[in-house]
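Notes follow once the structure below has been shown.
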Amino acid sequence: MAALSKSIPHNCYEIGHTWHPSCRVSFLQITGGALEESLKIYAPLYLIAAILRKRKLDYYLHKLLPEILQSASFLTANGALYMAFFCILRKILGKFYSWTPGFGAALPASYVAILIERKSRRGLLTIYMANLVLLFCITAAMYMFFFRCKDGLKGFTFSALRFIVGKEEIPTHSFSPEAAYAKVEQKREQHEEKPGRMNMIGLVRKFVDSICKHGPRHRCCKHYEDNCISYCIKGFIRMFSVGYLIQCCLRIPSAFRHLFTQPSRLLSLFYNKENFQLGAFLGSFVSIYKGTSCFLRWIRNLDDELHAIIAGFLAGISMMFYKSTTISMYLASKLVETMYFKGIEAGKVPYFPHADTIIYSISTAICFQAAVMEVQTLRPSYWKFLLRLTKGKFAVMNRKVLDVFGTGASKHFQDFIPRLDPRYTTVTPELPTEFS
């Protein structure tokens, strides 16, 4: 643990923005790079979310762009204001302490930045920052249980799970079994009346139906159009396709940057291991959940919300195809948030106003402190994200000087010594530079 009272006399140029002596220029460079990367992150993310949520044309015309810009502004501010407060603290205190380069600068920057973001997204960002197969299994089990319970989940979480596993797994429906069978028969007649050209999806559906035509379906199952075997296989194919397409869409910006210089890289857009991994994860999650639910209905001869706990836990094994600590920690923390708000509604736990904003600020500040003083303790994925957001500038901090605080700040930067202009330094640089 670094001594909090220990300090060093170096200025912000010598420690932070070693690529340029001017605080203002460095701030503008960080802002420009962060804004560019933020737009690359949020534009496809919001577009995919809008498609999956089946937004109407009015949303695309009037709301999509403002929401993208607002979230991009939040992320940009988080990076740019960190640089600003980094320099402001140095000017106010006259020196650097062990907590100022990371926690001290990031705390106010994160607090101001999160106020820019939409309120509906602040909780999600807090959970991500405050953050593995077993964990995912337990989380999935509880999520699916709440999904099956009346008023267990609401809003986007409920809609997302309904999209993933299908409305057939919701306990109550507005239509009766008799009406459902009538709709099935009507669809079959329509298909028979129009035997024209069949697309790829139709061929796949026909193939699956031919395999599972005579399969059984329990009377408690609500998937009236399919038997249990077909129900599971179609669920896998559907969500595998969704996962594959999502990963393809996320890779489009980087692939098209090399459209003219390296055209062969466009093939990686479609034939990439991550595309298939995400597809296998989503597809297997749905098929295992549905298959286990059907199996339990057959064994117990009833449809019970408790089945969702077992089915969700086993479906969590699908994380083996797409191991992601971020997803596991995010969903686990989101589950805690859901249970917390249920406790508030029931009057069992107190409500703390602005808790999400405060927790986000502190959590982000801790991550920045680690990124500056002990980068070896930071998740590799988050470190890569910081490098991307700052165009690599986070890696050119003068961490050798910070070793005096005893955290091993330069452990992974032993070969890096910044080229500093002696005219703007308070301490003579360690090695001669091109300016000497």
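The chain is numbered in sequence order, starting from 1.
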**Request:** Mind running side chain to side chain contact (heavy atoms under 4.5 Å, CB included) on Tyr46 and Ile51 for me, showing each step along the way?
**Result:** CA-CA 9 Å; Tyr46 274 76; Ile51 294 172; over 6 Å; no

**Asked** Yes or no on side chain to side chain contact (heavy atoms under 4.5 Å, CB included) for Leu296 and Asp303, after CA distance, side-chain angles and deciding distance?
**Response** CA-CA 8 Å; Leu296 291 173; Asp303 191 19; over 6 Å; no

**Request:** Begin with the C-alpha distance, continue with both residues' side-chain angles, and end with the deciding distance and a verdict on side chain to side chain contact (heavy atoms under 4.5 Å, CB included) for Phe394 and Phe385.
**Result:** CA-CA 10 Å; Phe394 220 120; Phe385 169 73; over 6 Å; no

**Full working for side chain to side chain contact (heavy atoms under 4.5 Å, CB included) between Gln29 and Lys393** = CA-CA 10 Å; Gln29 290 176 343; Lys393 290 183 172 60; 4.0 Å; yes

**Request:** In sequence, state the C-alpha distance, the side-chain angles, and the governing distance for Phe86 and Phe96, and then conclude on ring-ring contact (aromatic ring centres under 6.0 Å, His included).
**Result:** CA-CA 10 Å; Phe86 185 95; Phe96 277 110; 5.1 Å; yes

**Request:** Apply salt bridge (charged side-chain N to carboxylate O under 4.0 Å, His left out) to the pair Asp58 and Lys56, showing each step before the final yes or no.
**Result:** CA-CA 5 Å; Asp58 183 68; Lys56 295 181 179 180; over 6 Å; no

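In this structure, Leu402 and Ile8 have side chains that are in contact, with non-hydrogen atoms separated by less than 4.5 Å. Side-chain contact between Met83 and Thr390: absent, with no pair of heavy atoms (C-beta onward) separated by less than 4.5 Å. Residues Tyr82 and Val372 meet the side-chain proximity criterion, which asks for heavy atoms closer than 4.5 Å. A 4.5 Å side-chain heavy-atom check between Pro418 and Val396 finds every atom pair outside the cut-off. At a threshold of 4.5 Å between non-hydrogen side-chain atoms, the residues Ser71 and Ser38 do not count as touching. Within the 4.5 Å cutoff, the side chain of Val286 has no heavy atoms near those of the Phe236 side chain. Annotation: side chain of Ile164 is not in contact with side chain of Tyr289 (no heavy-atom distance under 4.5 Å). In this structure, the side chains of Tyr143 and Arg148 stay at 4.5 Å or more apart for every pair of heavy atoms.
Aromatic ring centroids of Phe103 and Phe368 lie 6.0 Å or more apart.
Applying the salt bridge (charged side-chain N to carboxylate O under 4.0 Å, His left out) criterion to Lys384, with sequence neighbours excluded, gives no partner residue. Applying the ring pair (Phe, Tyr, Trp, His ring centres under 6.0 Å) test to Phe158 and every residue at least two apart in sequence or in another chain returns Phe147. For Phe321, there are no ring pair (Phe, Tyr, Trp, His ring centres under 6.0 Å) partners, not counting sequence neighbours. Applying the ring pair (Phe, Tyr, Trp, His ring centres under 6.0 Å) test to Phe295 and every residue at least two apart in sequence or in another chain returns nothing. Remark: Cys294 pairs with Cys221, His223, Cys228, Tyr231, Arg297 by the side chain to side chain contact (heavy atoms under 4.5 Å, CB included) rule, at least two apart or across chains. Under the rule for a side chain to side chain contact (heavy atoms under 4.5 Å, CB included), the partners of Leu314 that lie at least two apart in sequence or sit in another chain are Ile288, Thr292, Ile310, Ile317. By the salt bridge (charged side-chain N to carboxylate O under 4.0 Å, His left out) test, Arg388 pairs with Glu37, sequence neighbours left out. Checked against side chain to side chain contact (heavy atoms under 4.5 Å, CB included), Leu39 has the following partners two or more places apart in sequence or in another chain: Leu35, Ile68, Leu69, Ala72. Scored by the salt bridge (charged side-chain N to carboxylate O under 4.0 Å, His left out) test, Glu345 finds no partners at all (sequence neighbours excluded).
If you take CG on Leu81 and CD1 on Ile30, they are separated by 11.5 Å, rounding to the nearest 0.5 Å. Atom CE of residue Met339 and atom CD1 of residue Ile344 lie 13.0 Å apart, to the nearest 0.5 angstrom. Once rounded to the nearest 0.5 Å, the distance linking OG of Ser284 with CE of Met320 reads 11.0 Å. To the nearest 0.5 Å, atoms CG (Asp421) and NE2 (His20) are separated by 10.5 Å. Here CD of Gln247 is found 9.0 Å from CD1 of Ile48. Values are rounded to the nearest 0.5 Å. For the atom pair Ser26 OG and Tyr13 OH, the distance stands at 9.0 Å (nearest 0.5 Å).
Judged as a salt bridge (Lys or Arg N to Asp or Glu O under 4.0 Å), not a single pair has a partner in residues 284-293 (not counting sequence neighbours). Sequence neighbours left out, not one pair with a member in residues 75-100 passes salt bridge (Lys or Arg N to Asp or Glu O under 4.0 Å).
Between the side chain of Thr426 and the backbone N or O of Pro9, at least one donor-acceptor pair lies under 3.5 Å. Judged purely by atom type and a 3.5 angstrom limit, Glu14 has no side-chain atom pairing as donor or acceptor with the backbone of Asn398. Side-chain N or O atoms of Ser287 include none that pairs as donor or acceptor with a backbone N or O of Gly235 at under 3.5 Å. For His17 (side chain) and Trp19 (main-chain N/O), no donor-acceptor pair under 3.5 Å exists by modelled atom type. With Tyr42 contributing its side chain and Glu67 its backbone, the two residues share no donor-acceptor pair below 3.5 Å. The backbone N or O of Tyr97 sits less than 3.5 Å from a side-chain atom of Thr100, completing a donor-acceptor pair. Checking side-chain atoms of Ser110 against main-chain N and O of Ala106 turns up a donor-acceptor pair under 3.5 Å.
Counting only N and O atoms by type, the side chains of Gln277 and Tyr244 include no donor and acceptor under 3.5 Å apart.
Looking at every heavy atom in both residues, Gly243 comes nearest to Leu282 through CA-CD1, 3.6 Å. Across all their heavy atoms, Tyr111 and Thr357 have their closest contact at CE1-CG2, 3.4 Å. Residues Tyr59 and Ala50 approach most closely at CE2-CB, 3.6 Å, considering heavy atoms. Residues Ser318 and Phe285 share a closest heavy-atom pair of OG-CB, 3.4 Å. Contact between Ile114 and Ser361 at its shortest, heavy atoms only, is CG2-OG, 4.5 Å. Counting all heavy atoms, side chain and backbone alike, Ala113 lies closest to Phe74 at O-CD1, 3.2 Å.
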Which pairs of donor and acceptor atoms, one on a side chain in residues 408-417, lie under 3.5 Å apart (sequence neighbours left out)?
from   : atom 1 : to     : atom 2 : distance (Å)
Ser410 : OG     : Asp403 : OD1    : 3.2
Ser410 : OG     : Asp403 : OD2    : 2.3
Gln414 : NE2    : Ser410 : O      : 3.0

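Each of Thr364, Ile362, Ile366, Val112 was compared with Leu107 under the side-chain contact (heavy atoms from CB on, under 4.5 Å) criterion, and only Ile362 meets it.
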